[in-house]
Amino acid sequence: MTSATLHDIEAQQGAIADYNFAYLDEQTKRMIRRAILKGIAIPGYQVPFASREMPMPYGWGTGGVQVTASIIGPDDTLKVIDQGADDTTNAVSIRAFFARMAKVRTTTHTAEATVIQTRHRIPEEPLHEGQVIVFQVPIPEPLRFLEPRETETRKMHAVEDYGLMHVKLYEDIAQKGHIATNYAYPVKVKGRYIMDPSPTPKFDNPKMHRSEALQLYGAGREMRIYAIPPYTDVVSLDFEDYPFEIQHFEEPCALCGGTDVFLDEVILDDQGGRMFVCSDSDYCEDRRAHGHRGSLSPDILDGASADGDKEGTEA
Amino acid sequence: MTRTSFNKTSLETSLEAMQGGLGEPVYQSQRIFRSLMDAMARPGTIKPVATDARSPLPMLPLTAAVLATMADADTPVWLDGTMKDIGALNDWLTFHVGAPLVDEPDAATFAVLSGKRDMPALESFAKGGQDYPDRSATLLIQVERLENKPDWSLSGPGIKDTQSLAVSPLSPLFVAQWQENHKLFPRGVDVVFVAPDTIACLPRTTAITLGHPASSDKQDH
């Protein structure tokens with residue numbers, strides 16, 4: 001049966017079946033909703049949940065999809081990003097999944113979204129009150145690579161024994177001269193639980209601190225849900241003499257001239273040519289729509305002048 | 001021990017119990033959950049919640065709707081003395097929620113109680129362990145009014161500066177018991193206050209500071 005025929009059947013029925021609105025059955029949603037409420041009540045604590053098999057493989061965001069499916073309703077507007085971009089495979093397919101299974105509006109504009117599902121980035125535009133950001137998490141346990149036994153890590157969280165994590169950060173400094181963790185940089189939530197913010201670049205860690213939006217984290221394979229309520233202290237671990245620092249980029253975005261944003265490297269040829277562009281595609285497009293230009297914008301290459309400190313390349 | 005309530009003395013009773021469930025349960029429970037999630041994420045904010053559930057007294061229709069949204073066969077429910085022996089209510093819950101009703105408060109995932117004077121102590125409910133603090137009860141406390149008056153000044157995660165809240169009627173022992181509960185973090189119970197048309201939440205992370213209520217009993221001094 002082609003998808004067009006399926007679509008015709010759905011159109012005939014007027015709507016998808018209510019019972020599996022947003023794919024999951026109601027009992028599963030209740031179980032996940034209970035885990036979400038406890039997660040909010042215990043910020044940073046990983047609540048076990050009975051993760052379901054989803055129509056996509058582990059690693060594609062089954063945890064995030066289950067959380068989104070349990071909170072989303074017909075009034076929501078969904079944005080899905082994959083490393084900041086709305087137009088990559090993971091983002092496109094999850095967005096299409098919910099457009100079909102929950103008939104929700106979708107958007108690429110951060111400000112318009114009520115629910116944002118993300119694979120590892122927080123949008124550049126500050127989130128506002130009432131928005132929910134859902135993170136896809138591969139390995140929720142920040143202590144897992146230090147202590148493989150769940151029984152032990154559970155005890156360590158229970159008694160707030162986080163010395164091992166500090167030793168790990170110290171060893172980084174001793175061996176490499178700096179804390180060599182660029183993503184999944186551990187944070188302490190509300191002064192209690194150490195939490196893995198998913199493999200988000202540490203550039204985004206400061207955005208988690210006292211965010212106006214509710215942050216929910218879903219790990220499908222590892223069967224954990226956790227949360228950070230709005231206006232909650234989220235502190236990246238560091239030392240007095242080696243304070244936490246985010247990445248800095250030397251040049252602005254080549255397309256929109258944006259600075260103080262997280263940039264992706266794009267290889268242009270096999271001669272070493274490369275450019276750096278905003279990882280947040282919506283932010284970059286919005287800036288360009290407002291007339292901002294980077295050094296490699298098509299019209300800059302034609303002779304107009306660019307934003308930022310780079311001069312237009314001579315064409 | 002679970003208490004089943006198959007005291008269907010007549011066909012009428014069972015027919016009555018089948019009435020008054022959530023209309024469009026999938027969408028209504030989604031809306032109710034989102035209000036609950038927002039209320040839990042922003043403690044003390046008062047969320048208007050609409051429902052067409054009709055449950056036998058003295059359970060408020062909104063309490064029944066929250067139970068129908070959140071509870072099921074996996075979650076034991078405890079009812080306080082004002083509700084536990086009402087056969088019609090037990091029948092309604094059995095049919096629409098399907099949760100086992102339990103006698104021991106600490107066996108319950110959800111507990112429904114009236115906020116009045118004879119409220120059982122918070123510490124009688126499951127607080128979870130240090131290793132699994134999520135295995136703790138959520139209390140649905142039925143009250144008449146929720147107002148943003150400064151009886152309480154709330155602070156903690158989810159609250160930008162402070163949030164005022166006034167709950168009435170409420171046992172005079174509640175605040176002292178809540179302070180003990182708050183100190184247990186990460187263990188503890190979480191509370192959902194349910195008024196006829198609104199809800200407000202107190203997760204265990206929320207600290208209550210007594211404000212200066214404008215009510216008359218304060219001016220007597």
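Note on naming: letters A, B, ... go to the chains in the order of the sequence lines (proteins, then strands), and numbering restarts at 1 for each one.
Of the two parts of Ile42(A), the backbone and the side chain both hold a non-hydrogen atom closer than 4.5 Å to a non-hydrogen atom of chain B. In this structure, the portions of Asp134(B) lying under 4.5 Å from any heavy atom of chain A include both its backbone and its side chain. Interface residue Ile72(A): only backbone heavy atoms are found under 4.5 Å from chain B. In this structure, no portion of Val234(A) lies under 4.5 Å from any heavy atom of chain B. Residue Asp25(A): no heavy atom, backbone or side chain, is found under 4.5 Å from chain B. Of the two parts of Val189(A), neither the backbone nor the side chain holds a non-hydrogen atom closer than 4.5 Å to a non-hydrogen atom of chain B. Residue contact with chain A, scored on non-hydrogen atoms closer than 4.5 Å, is absent for Ala39(B).
Most heavy-atom pairs under 4.5 Å with chain A: of the set Ile159(B), Asp38(B), Leu202(B), this distinction falls to Ile159(B). In terms of heavy-atom pairs under 4.5 angstrom with chain A, the leader among Thr206(B), Thr109(B), Asp190(B) is Asp190(B). Between chain B and the options Gln27(A), His157(A), Lys155(A), heavy-atom pairs under 4.5 Å are most frequent for Gln27(A). Options Pro203(B), Pro157(B), Pro25(B), Gly188(B) differ in how many heavy-atom pairs under 4.5 Å they form with chain A, and the most are formed by Pro157(B). In terms of heavy-atom pairs under 4.5 angstrom with chain A, the leader among Gln130(B), Arg187(B), Arg31(B), Arg42(B) is Arg42(B).
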Open item on the list: Does Leu37(A) form a side chain to side chain contact (heavy atoms under 4.5 Å, CB included) with Leu36(B)? I'd like the steps, not just the answer.
Closed with: CA-CA 8 Å; Leu37(A) 284 196; Leu36(B) 205 52; 3.9 Å; yes
Open item on the list: As a quick check of understanding, evaluate side chain to side chain contact (heavy atoms under 4.5 Å, CB included) for Leu216(A) and Met37(B), giving each step before the final call.
Closed with: CA-CA 11 Å; Leu216(A) 300 177; Met37(B) 183 177 88; 4.1 Å; yes
Task: Worked verdict on Arg33(A) versus Ser29(B) for side chain to side chain contact (heavy atoms under 4.5 Å, CB included) - done: CA-CA 11 Å; Arg33(A) 287 167 179 172; Ser29(B) 59; 3.8 Å; yes
Open item on the list: As a quick check of understanding, evaluate side chain to side chain contact (heavy atoms under 4.5 Å, CB included) for Ile36(A) and Met40(B), giving each step before the final call.
Closed with: CA-CA 10 Å; Ile36(A) 291 172; Met40(B) 195 63 89; over 6 Å; no
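Looking only at atom types and distance, the side chain of Tyr132(B) has a donor-acceptor partner in the side chain of Arg154(A) under 3.5 Å away.
Atoms CD and OH, on Gln163(B) and Tyr231(A) in that order, are 10.5 Å from each other to the nearest 0.5 Å. In this structure, OG1 in Thr151(A) is found 11.0 Å from CG in Asp131(B), a value given to the nearest 0.5 Å.
Remark: side-chain polar atoms of Arg34(A) are not paired, donor with acceptor, to backbone N or O of Ala71(B) under 3.5 angstrom. Counting only distance, with no hydrogens or angles, the side chain of Arg34(B) and the backbone of Ile71(A) share a donor-acceptor pair below 3.5 Å. A donor-acceptor contact shorter than 3.5 Å links the side chain of Lys38(A) to the backbone of Ser136(B).
Heavy atoms only, all atoms of each residue included: Ala41(B) and Pro229(A) are closest at O-CB, 3.9 Å. Taking both residues in full, the closest heavy atoms of Pro133(B) and Tyr193(A) are given as CG-OH, 3.6 Å, listed atom of the first, atom of the second, then distance. Of all heavy-atom pairs spanning Thr205(B) and Ala41(A), the tightest one is CG2-O, 3.4 Å.
Two residues are said to be in side-chain contact when any heavy atoms from C-beta on lie closer than 4.5 Å; Glu129(A) and Lys160(B) fail this criterion. A 4.5 Å side-chain heavy-atom check between Lys190(A) and Phe185(B) finds at least one atom pair inside the cut-off. Pro74(A) has its side chain within reach of Gln30(B): a pair of non-hydrogen atoms, C-beta onward, lies under 4.5 Å apart. Using a 4.5 Å heavy-atom cutoff, the side chains of Asp74(B) and Met31(A) are not in contact.
Sparse packing is recorded around CD of Glu123(B), with 12 or fewer heavy atoms of other residues, nucleotides or ligands lying under 6.0 Å away.
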